[in-house]
2 protein chains.
Amino acid sequence: MDTKSLLIETATILFQEKGYKTVGLNEILKASNVSKGALYHHFPDGKEELLITCLHALKEDITTDIEAIFSKHLTTKDAIISTIDTLINSFEKRGTITGYTFSSIVSEMATMSEPVRKACSELYENIERIYCAKLLSDGFSDETAVSVSLLLTASIEGAMMLCLTKQSTNPLKTIAEQLPNLLEKL
Amino acid sequence: MDTKSLLIETATILFQEKGYKTVGLNEILKASNVSKGALYHHFPDGKEELLITCLHALKEDITTDIEAIFSKHLTTKDAIISTIDTLINSFEKRGTITGYTFSSIVSEMATMSEPVRKACSELYENIERIYCAKLLSDGFSDETAVSVSLLLTASIEGAMMLCLTKQSTNPLKTIAEQLPNLLEKL
DNA sequence: GTCTATACGGTGATAGAC
DNA sequence: GTCTATCACCGTATAGAC
């Protein structure tokens, strides 16, 4: 793999696991066996440019993954359960959730850097768009679809936070039980 | 006010607004007009001890505030709407949410420091306990009350994250519309 | 209890050889 | 394109006077 891709890949994992400020350039460099000079060659604006590039790459990956899950299931209900299952598995394997969340980056950087905030915003919008499309195909009205897709995104993101805090997958499991309730009874 | 309380108060606000790593000791000291020597007199273990103390104080404050709101309303539905309204007002006034969330600290520190993780965990448990008690008094079963109180906590926390990202209060407003739906149709 | 001055490590970033 | 050496700066933490 080329140096730039390697940098993006390792940095993405580290940022997701530990947040932005916590991860130093040296840590990324050591983990990827790349020199400081090479990094600044590919990312002249340094750490923040690297982060934004990571977020863009992450957007593509997440979109692809969730779309794959959603195309495999007929209803939003089934697709959401399957999505949450994937998150639970990821959490049980790695202890942290990588690949789907970036809450640490949002809460650290949303108020500090406008470009980063925008990149995060686009990411959430993409996720909501997928949920929304499925809800529409389920037969929900435009308005409900938009509202519910936001509620789904919020509750999943919040549940991941609770999983991190309680160091348990129970929060995700609980909402996986409760959310279908909501989707059926609309 | 005594130095120690002043330190806790200003640090709490800054940590909530900007996260843990982002806020330097110097920034806290300058904002509170306290010297470095005084800080290390009151908090010999430094920054992390200060953070944990802040989280404990925050737990008391949040518990008191939410309990006050919940005692003013008859049903969980009304109480939750009122709670979310408070959050929306706070967000519209200050631009960031202080006083109720600490997501930045959770996502930054949960995997890094066990004592901090524990303090955050206690905070969430307190909030969920209040929700749960009200749900029981609404007549829900034990099991549903526990599950729903977790879903409420998760969706509110997640919605605040989305508000931060989108720089809008719409996410909170949307879930304020959707959650009653869930509470009625159980 | 509070102050100032200082220590020391690590940070992001740059320069220049190859 | 990649390396090493070096930069200035800021972080937390400490020491000792008052």
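Chain A is the first sequence line, chain B the second, and so forth, proteins listed ahead of strands; every chain is numbered from 1.
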Separation of atom CG in B:Asn33 from atom C1' in C:dC3, rounded to whole Å:
13 Å
Distance-only donor-acceptor hits, side chain of residues 23-30 of chain B, under 3.5 Å, sequence neighbours excluded:
{"residue": "B:Asn26", "atom": "OD1", "partner": "B:Lys36", "partner atom": "NZ", "Å": "2.7"}
{"residue": "B:Glu27", "atom": "OE2", "partner": "B:Lys18", "partner atom": "NZ", "Å": "2.6"}

Would you kindly confirm whether B:Tyr20 and A:Met112 end up in one hydrophobic cluster when ILVMFWY residues are joined by side chain heavy atoms under 4.5 Å apart?
no
Side chains of A:Asp138 and A:Thr75: do they bring a donor and an acceptor to under 3.5 Å?
no
Spacing of B:Ile28 atom CD1 relative to D:dT12 atom P, expressed in whole Å
8 Å
Could you give the angle between the helix axes at the two ends of the helix from C:dG1-D:dC18 to C:dC18-D:dG1, with five pairs per end, rounded to 10 degrees?
0°
For the pair made of CD in B:Glu27 and C1' in D:dC10, what is the distance, rounded to whole Å?
12 Å
Integer-rounded Å distance: C:dT4 P and B:His41 NE2:
16 Å
Option from B:Thr12, B:Leu50, B:Leu123 for which side chain to side chain contact (heavy atoms under 4.5 Å, CB included) with B:Leu55 holds
B:Leu123
Checking B:Thr86 against B:Asn89: is there a side-chain donor and acceptor pair closer than 3.5 Å?
no
Can you find a side-chain donor-acceptor pair between B:Ser113 and B:Glu48 that sits under 3.5 Å?
yes
Ignoring backbone atoms, test whether B:Thr3 places a side-chain nitrogen or oxygen under 4.0 Å from the OP1 or OP2 oxygen of C:dT2.
yes
Which residues share a side-chain contact (heavy atoms from CB on, under 4.5 Å) with B:Leu74, sequence neighbours left out
none
Any ring-ring contact (aromatic ring centres under 6.0 Å, His included) involving residues 54-107 of chain A? Give me the pairs, sequence neighbours left out, ordered by first then second residue.
A:Phe70-A:Tyr131, A:Phe102-A:Tyr124
Partner residues of B:Glu49 under the side-chain contact (heavy atoms from CB on, under 4.5 Å) criterion, sequence neighbours left out:
B:Phe43, B:Pro44, B:Asp45, B:Thr53
Taking CG from B:Leu51 and P from D:dT12, how many angstroms apart are they, rounded to a whole number?
12 Å
Measure CG/A:Leu50 against P/C:dT11 and give the value in whole Å, please.
15 Å
For nucleotides 12-18 of chain C, read 5' to 3', which letter fits each nucleotide if B means a protein heavy atom sits under 4.0 Å from the base, S means only the sugar-phosphate is that close, and - means neither?
BBB----
Rounded distance (Å) that lies between atom C1' of D:dG11 and atom CG of B:Leu39:
14 Å
Integer-rounded Å distance: D:dT12 P and B:Phe43 CZ
15 Å
